[in-house]
Amino acid sequence: MNVVKTIEAVRTMRWQNPSATWGLVPTMGYLHEGHISLVRQARAENDFVAATIYVNPTQFAPTEDLSSYPRDLTRDLALLEEAGADLVFTPNDALMYPHGFQSYVTVDEVTAVLEGASRPTHFRGVTTIVAKLFNIVQPTRAYFGQKDFQQTVVIRRMIADLNINLQMIVCPTVREADGLALSSRNTYLTPPQREAATVLSRALKHGLTLLNAGERSGDVLHQEMTAIITAESLAQLDYLSVAHPHTLAELAQVEDMALLSMAVFVGKTRLIDNMPWPSLTAVYGEA
Ligand code: PAF
């Protein structure tokens, strides 16, 4: 596995064999099984796998946890090597945002809601860095986790709108045995908060159960899931949504598909989770 810090080094390796297929797994490091599942899938579907580790400052608001974002490069590299990555790109801020930088990629409607409503500058940072990484690596396929569902919707829109020549693959959320979605932010939780954090997946599963039983009212789904969050004293609901998984528009009435999603504060830690209905495959096709 080659670990490189320059764009030239990435491009040299990428174009050694122009007909080879490359899978890209962009990350902010502090890897967990969710990230590694993306690397494994990329490994299975491509000749070569590139991962990137970069904590992208433009997707954090000044009030957010950029400086305290967890980092462990040595461990990350060991995990990537074990999972079969061929190339790891670990740029720094001066390389990604050099003096004079002033070009950003913005996606309009699907960034205005859900995470975008609470974090207005977040997706501009994500789309800008992801577009840069796409241009640097020029992968055949790029892998993203379902856990950040809105991010996948936004990136999919950017790929279509800007005619970016790659296939985006969305891989299912990896969960702990008790249902908690894996996230680097879970490390911030105290033991009682960790227990309370299962409330997100419990509420979402309840929503799926109602949908499977024939419930179609957005209001009823909202009320039922909200009641589960409210009953957990350590949890504070930020938002809860029953939306169309492609447009992210809120649904008064569910028809063929829906995305149940939420953000919940457990203590000071803001956790997000989602469950698509009837399934991720129905919404996105085969991963
Ligand atoms: O999902 C993430 O970890 C980040 O948003 C990404 C896609 C690596 C861009 O910084």
Side-chain angles (χ1 to χ4, degrees), residues 33-34 37-38 41 107 109-119 123 126 143-157 159-160 167-183 186 196-232 235 237-266 270-287:
E33 188 48 38
S37 72
L38 305 181
Q41 184 151 346
V107 174
E109 285 166 34
V110 289
T111 63
V113 293
L114 307 179
E115 286 302 289
S118 309
R119 308 174 72 194
F123 285 114
V126 171
Y143 295 79
F144 295 90
Q146 173 212 328
K147 163 80 174 17
D148 294 304
F149 196 96
Q150 187 174 9
Q151 173 169 279
T152 69
V153 173
V154 170
I155 293 172
R156 186 180 161 101
R157 190 72 257 159
I159 290 170
Q167 186 187 1
M168 185 179 84
I169 314 277
V170 179
C171 303
T173 303
V174 179
R175 297 179 181 279
E176 302 280 7
D178 64 4
L180 179 66
L182 297 196
S183 162
N186 294 349
T198 59
V199 74
L200 286 89
S201 61
R202 282 192 279 119
L204 290 165
K205 270 192 211 145
H206 181 59
L208 290 189
T209 304
L210 292 172
L211 280 163
N212 287 333
E215 182 58 65
R216 293 292 178 270
S217 157
D219 275 351
V220 171
L221 292 162
H222 254 269
Q223 283 157 18
E224 291 268 339
M225 290 190 288
T226 303
I228 293 177
I229 306 292
T230 314
E232 173 51 70
L237 187 61
D238 184 3
Y239 70 76
L240 189 149
S241 160
V242 179
H244 193 282
H246 295 161
T247 61
L248 304 182
E250 289 299 314
L251 295 174
Q253 202 65 23
V254 175
E255 287 178 8
D256 55 336
M257 48 177 79
L259 175 72
L260 309 180
S261 69
M262 59 180 66
V264 174
F265 283 97
V266 179
R270 187 172 177 280
L271 300 174
I272 58 170
D273 200 356
N274 68 78
M275 292 188 189
W277 180 85
S279 66
L280 182 63
T281 311
V283 166
Y284 261 136
E286 272 320 314

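The chain is numbered in sequence order, starting from 1.
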| request: Considering non-hydrogen atoms only, spot the tightest contact between Ile229 and Leu237 and give its length. | output: CG2-CB, 4.0 Å

| request: Evaluate the side-chain proximity of Val283 to Phe149: yes if any heavy-atom separation is below 4.5 Å, no if none is. | output: yes

| Could you state the interatomic distance from CG (Leu240) to CE (Met225), rounded to the nearest 0.5 Å? | 4.5 Å

| Going from CD on Gln223 to OG on Ser217, what distance comes out if it is rounded to the nearest 0.5 angstrom? | 7.0 Å

| said: Within the structure provided, determine whether Val107 and Ile155 are in side-chain contact (heavy-atom separation under 4.5 Å). | reply: no

| query | Do Gln146 side-chain atoms and Val170 backbone N/O form a donor-acceptor pair below 3.5 Å? | reply | no

| field | Side-chain touch Val254/Leu211, heavy atoms, less than 4.5 angstrom | value | yes

| query | Counting distance only, does the side-chain N/O of Thr173 pair as donor-acceptor with the main-chain N or O of Lys147 below 3.5 Å? | reply | yes

| Which distance, rounded to the nearest 0.5 Å, do you find between the CG of Leu248 and the CD of Glu109? | 10.5 Å

| When rounded to the nearest 0.5 angstrom, what distance separates CD in Glu176 from CD in Glu33? | 10.0 Å

| task | State, to 0.1 Å, how close Leu251 and Ala258 come at their nearest heavy-atom pair, and which atoms those are. | result | CD1-CB, 4.2 Å

| query | Which atom pair, heavy atoms only, marks the closest approach of Ala263 to Arg270? | reply | CB-NH2, 3.5 Å

| query | Who passes side-chain hydrogen bond (donor to acceptor under 3.5 Å, both in side chains) against Glu250, sequence neighbours left out? | reply | Ser241

| message | Give me the atom names and distance for the closest heavy-atom approach of Leu204 to Ser261. | response | CD2-N, 4.0 Å

| request: Identify the two heavy atoms, one from Val264 and one from Ala235, that lie closest to each other, and give their separation to 0.1 Å. | output: CG1-CB, 3.7 Å

| said: Looking at every non-hydrogen atom in both residues, tell me the closest pair between Trp277 and Glu255 and how far apart they are. | reply: CZ3-O, 3.7 Å

| task | State, with a plain yes or no, whether a side-chain heavy atom of Glu215 is found less than 4.5 Å away from one of Glu224. | result | no

| said: Can you tell me how far apart CG (Asp238) and CG (Leu114) are? Round to the nearest 0.5 Å. | reply: 10.5 Å

| request: Answer whether the closest heavy-atom distance between the side chains of Val242 and Gln253 falls below 4.5 Å. | output: no

| query | Can any side-chain N or O of Gln150 pair as donor or acceptor with the backbone N or O of Glu115 at less than 3.5 Å? | reply | yes

| request: Test side chain to side chain contact (heavy atoms under 4.5 Å, CB included) on His206 and Leu221 and set out the steps. | output: CA-CA 9 Å; His206 181 59; Leu221 292 162; over 6 Å; no

| request: Flag the pair Asp273 and Arg175 as a salt bridge only when some basic side-chain nitrogen lies within less than 4.0 angstrom of an acidic carboxylate oxygen. | output: yes

| message | With heavy-atom distances below 4.5 Å as the criterion, would you say the side chains of Met168 and Tyr284 are in contact? | response | yes

| remark: One should read off an interatomic distance between Leu280 CG and Met257 CE, to the nearest 0.5 angstrom, of 10.5 Å

